[in-house]
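Keep in mind the model is a prediction, meaning the values are calculated, not measured. Lettering of chains follows the sequences in order, A, B, ..., and the numbering in each one begins at 1.
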There are 2 protein chains.
Amino acid sequence: MTKINDISTEERILNAAEQIFENKGMSGARMQEIADEAKINKSLLHYYYRSKQLLFEAVFKKAFNKLAPQISIVLDSDQSICEKIENFSNNYTSFMLKHPYLPNFILQELNRNPKFVNELISLGNFPNIKKFEMQIETAIAEGKIRPIAAEQLFINILALNIFPFIGAPLIKGFINASDKEYKEILKKRKTEVADFIIQSIKL
Amino acid sequence: MTKINDISTEERILNAAEQIFENKGMSGARMQEIADEAKINKSLLHYYYRSKQLLFEAVFKKAFNKLAPQISIVLDSDQSICEKIENFSNNYTSFMLKHPYLPNFILQELNRNPKFVNELISLGNFPNIKKFEMQIETAIAEGKIRPIAAEQLFINILALNIFPFIGAPLIKGFINASDKEYKEILKKRKTEVADFIIQSIKL
DNA sequence: ATATTTGTTGACCATTTAGTTAAACCATAT
DNA sequence: ATATGGTTTAACTAAATGGTCAACAAATAT
């Protein structure tokens, strides 16, 4: 059985599959390429994960489960609004600097197959805006922040944090930044984005 | 010759190709599917556009040439900062509501093949941040807006306007919005986003 | 020791897919 | 009417690709 070795092979496959799927997407990825990356025979892919589709789903769910907890900071935690904005901007950007292809991969595949969202929702582990909505409405009623619809604020928080990774190639072109320079700009955003948002909603 | 018919067929192909490529991306699109969509024989695709790659490039460049002028509003026009933010937010969102797959398509393909940006730049027609940078620096020096790096502000403007389209399936899931409800939320953003940004940079 | 289960491989298969080709079609100029 | 040249089609090809299978290897249980 060699449990140690089992895990090693199965994980090597999953890691290789992540690498390839996140770079090329479901339709651009090739089973042979994943096998090469994992340095195993192509048949082994089918031995551990029956089909390309199932391997893809394993990768996708793993990727999504890295994203969901970050979103939960905003939607489900008990922090104050400012804390949420600051923590999310800082944590998310730090995390994505290490996995820059992840947001693009997830959104790409969700756009290609929007029904997948429903599966994720029914699987649980899918953050929901309700609690956040209450928090915002209360804060507005108490005169702590400017009036703004919770959805709009939520979209803004996501947009300002996620887009810089998805739009990287385009933005780099517009602002003439090298990879290194752009990475510095992203690092600065850990605090800049939070400031920008808070500045906009404070009275 | 039938010049009228020539254009009609060639354009029917390009329209069909847009439809398919923007939905499925380069690697997910099938030449047969494009032919079916255009209601012509597959060989005609190769007659007018030698290969899948060339057909794809025609579609991509056409798509990019719809986006570039919008960005130029922000980077190259002579409007005031507020006018730029208001006009871009309004124009861009209005336009994208009619072409919701466009931003996703462009960013997807640029992420998959970042070298393509260089081609676009060398082809001209690629907006550059320099002028905008000067404008922001001047406005800050004159005490008209809060200090902020031009790149950061520019990224924020793009993020707040573009992300809601790319992230649509995910956001819809988080906020429990139907397609119709989400479209309403996007419409509201035409003015909300501009307010949000201006609120943040004004003194 | 050896039978049994688990892991791994190379060879193979059926299908899909981009691309080709030769013939048919059709409008127009002569 | 008919030759000409662009347009369109059906049939075909070669390569790529996801997936299978039977045999081999290695570990574990008996």
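Checked for salt-bridge contact, B:Glu151 and A:Lys188 miss the test: no charged N lies under 4.0 Å from a carboxylate O.
For the pair A:Arg30 and D:dG18, the criterion of a side-chain N or O lying under 4.0 Å from OP1 or OP2 is met. The shortest distance between the side-chain N/O atoms of A:Ser51 and the OP1/OP2 oxygens of D:dG18 is not below 4.0 Å. Residue B:Asn41 has no polar side-chain atom (N or O) positioned under 4.0 Å from OP1 or OP2 of D:dT8. Here B:Tyr48 reaches the OP1 or OP2 of D:dT8: one of its side-chain N or O atoms lies under 4.0 Å away.
If you take CG of A:Leu55 and P of D:dG18, they are 11 Å apart, rounded to a whole angstrom. Between A:Tyr47 atom OH and D:dG18 atom P the separation is 22 Å, expressed in whole Å. Distance OH (A:Tyr49) to C1' (D:dG19): 18 Å, rounded to an integer number of Å. Here C:dT8 presents its C1' atom at 12 Å from CG of A:Leu45, a figure rounded to the nearest Å. We find that CD of A:Gln32 is positioned 12 Å from P of C:dT9, with the value rounded to whole Å. In this structure, NE2 of A:His46 is placed 6 Å from P of D:dT20, rounded to the nearest angstrom. One interatomic measurement links the two molecules: CD1 of A:Ile40 to P of D:dA25, which rounds to 19 Å at whole-angstrom precision. Distance B:Met26 CE to C:dA18 C1': 10 Å, rounded to the nearest Å.
Ring pair B:Phe88/B:Tyr92: centre-to-centre distance below 6.0 Å. A distance below 6.0 Å separates the ring centres of A:Phe56 and A:Phe21.
You'll find that the side chain of A:Ser43 is closest to D:dC21, out of D:dC21, D:dT9, C:dG19. For A:Leu44, the listed nucleotide lying nearest its side chain is C:dT9; candidates were D:dT9, C:dT9, C:dA18. Candidate nucleotides D:dG18, D:dT9, D:dT8 were compared by shortest atom distance to the side chain of A:Lys52, and D:dG18 ranks first.
Contacts of B:Ala29 with the nucleic acid, taken as non-hydrogen atoms under 4.0 Å apart, involve only primed sugar atoms and P, OP1 or OP2.
For A:Gln152 (side chain) and A:Ala149 (main-chain N/O), no donor-acceptor pair under 3.5 Å exists by modelled atom type. Using a distance-only test at 3.5 Å, with no hydrogens or angles considered, a donor-acceptor pair links the side chain of B:Asn111 to the main chain of A:Ile166.
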